[in-house]
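In the text below, chain A, chain B and the rest are named by the order of the sequence lines, each starting its count at 1.
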There are 2 protein chains.
Amino acid sequence: MTDPVAAVLPLHLSTVDDFSVVDGEPLNGRVYATLRAQLMSGVFEPGEMISIRGLAEKLGTSTMPVREALHRLIADHAIEARANRTIALPIIRRADYLAVCDVRLALEGLAAERAAGHLSPDDLERLERLTAGMRAAAKGNDPHTYLALNKDFHLTIYQLAGNPLLLDLIEKLWVRAGPVMNYLFRHQGLAMQTVTPHEAIIAALRRADGVAARLAVQRDIREATPGIIASLPD
Amino acid sequence: MTDPVAAVLPLHLSTVDDFSVVDGEPLNGRVYATLRAQLMSGVFEPGEMISIRGLAEKLGTSTMPVREALHRLIADHAIEARANRTIALPIIRRADYLAVCDVRLALEGLAAERAAGHLSPDDLERLERLTAGMRAAAKGNDPHTYLALNKDFHLTIYQLAGNPLLLDLIEKLWVRAGPVMNYLFRHQGLAMQTVTPHEAIIAALRRADGVAARLAVQRDIREATPGIIASLPD
DNA sequence: GAGCACAAACTGTGATCACAGGCTAGAGCC
DNA sequence: GGCTCTAGCCTGTGATCACAGTTTGTGCTC
């Protein structure tokens, strides 16, 4: 969680020999964390089929850790086991995305409200920096960086809510929505994306105004919705 | 979801030969569903250690389906893999339970609000019946039935919200809280439990008043909280 | 040239085995 | 009698193999 780009890039660049070194944590846990990060950063595309053996070969492990990691992701609904004995990324339809948004509005609104008042000057400065980075990424039409910074912006706030369960649920929603977001932004550009809602969020948090922070976050989520569901099937 | 007692009881009574018959669904999925139901109905106790081989033997399968099912439950935080290479049910502390409640208030409140207006007369009559059953179970001091009916009451409503993701998240919260609830109610009885909040919920739903339904559900959650956290560690 | 059938390669699943680490109980020593 | 060390059992983990099902690609036939 230091530099968002550095925290994401290495995962989808060098996926091979990260697992050669053995430390305490079991392999399946590291595979799970890696795949989670890769899903959020758009390494996989919606509908893409995932093969246990293929993934194991790419990661340099046997199939076992991958099997267990994939089953965790199935429980998260980040991937789905289809009837054909096939594992694939789900294809999000409009109704699915609206359902996700409905829950996001509730959970992320709550997290923002709880986070208000717990931000240090360093935190606020970090949010400013992330927003500036997003503005630059939008200008340079760099969807990958834009989304990574956006993710870091939101999760930085929610982390300060001090509710690990809440943060975990929100992260799982982002893992779930990651592939679609990356796919859409990569194919339709960042034309309409503005960062003005983020400035309102920062302003509310600076005033330690929980209700305003909740409303600002909800506005941020709502404003991004129409441009996304317009490109979804159904 | 027909009769709550019948839907729960067989799972924790006959856990042996349910898996001898083979149908389409993979074994690991059935093990996962079974363990989820067992966690919710209080078959396991907080802090109890779970052995892969022991569970596999009890279920009459090999260790593989159990391993994958347990890893799904680990992703749900329904069970946890400890550092000692041990799998056990988490011990919920006060802060943990309050965190769960905070999320429950948001998610179940939202679900109740969304469900209002989607209830048929049959649904309302079903809720009345479940509440009556709870009242009887409280009088007879039957915690298991009480909790099963309470679960069914709430999930029946949330199911009618028409948001599968929301329902899934809420169910996972209940799976997570199941062991503690059953343990506490079994050891401290149902003395203080009333069903008056449920009547308020039904009344609001009958009027198709979403906001009132949300508030009534939140009141139901809040009223049960003090009696529970008083018995939790920390 | 187009359509069908067969075969090969792929899929996830389940089972079994080996292994390193942790826990416990028992035996030996002080 | 109490403490310590050790041996054995149990834990999850990782790897490998067999199998049934699906999909795909190729070759043959019409």
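Side-chain contact check for Tyr183(B) versus Pro46(B): some heavy-atom pair is nearer than 4.5 Å.
Among the nucleotides dT16(D), dG12(C), dG14(C), the one closest to any side-chain atom of Met64(A) is dT16(D). Here the nucleotide nearest the side chain of His71(B), chosen from dG14(D), dT13(D), dG14(C), is dT13(D). Comparing dT16(C), dG12(C), dG14(C) by their closest approach to the side chain of Arg85(A) singles out dG12(C). Listed candidates were dG12(D), dG14(D), dG14(C). Nearest to the side chain of Glu68(A) is dG14(D). Closest approach to the Arg53(A) side chain among dT13(C), dG14(C), dG14(D) is made by dT13(C) (side chain taken as heavy atoms from C-beta onward). Which of dG12(D), dG12(C), dA15(C) sits closest to the side chain of Ser51(B) comes down to dG12(D).
Closest non-hydrogen pair, Leu105(A) versus Gln218(A), comes out as O-NE2, 3.0 Å.
Taking atom CD of Glu25(B) as the reference point, atom P of dG12(C) lies 17 Å away to the nearest angstrom. The separation between Asn28(B) atom CG and dG14(C) atom C1' is 10 Å, rounded to whole Å. Regarding Leu59(A), its CG atom lies at a distance of 11 Å from the P atom of dA15(D), rounded to whole Å. At whole-Å resolution of the value, CD1 in Ile87(A) and C1' in dT11(C) are 9 Å apart. The CE atom of Met49(A) sits 13 Å away from the C1' atom of dG21(D) (whole-angstrom rounding). A straight line from CD1 of Ile52(A) to P of dC19(D) spans 19 Å, rounded to a whole angstrom. Protein atom CG of Leu55(A) is 14 Å distant from nucleotide atom C1' of dT11(C), rounded to whole Å. Nucleotide dG12(C) holds its C1' atom 12 Å from the CZ atom of Arg72(B), rounded to whole Å.
As judged by a 4.0 angstrom heavy-atom cut-off over every strand, Ile74(B) is placed among residues making no nucleic acid contact. Among the protein residues, Leu70(B) comes within range of no part of the nucleic acid, since none of its heavy atoms lies under 4.0 Å from any strand.
For dG12(D), its base never sits under 3.5 Å from the side chain of Arg82(B) at any donor and acceptor pair. For dG12(C), its base never sits under 3.5 Å from the side chain of Arg67(A) at any donor and acceptor pair.
From Met181(A), atom CE reaches atom CH2 of Trp174(A) across 6.5 Å, with rounding to the nearest 0.5 Å.
In summary, the side chains of Asn28(B) and Arg72(B) do present a donor paired with an acceptor at a separation below 3.5 Å, with no hydrogens or angles considered.
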Derivation of the side-chain hydrogen bond (donor to acceptor under 3.5 Å, both in side chains) call for Asp220(A) and His154(A): CA-CA 10 Å; Asp220(A) 186 33; His154(A) 282 268; 2.9 Å; yes
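Heavy-atom distances to DNA chain D give each of Asn84(A) and Ile50(B) a nearest nucleotide, and the one nearer the 5′ end belongs to Ile50(B).
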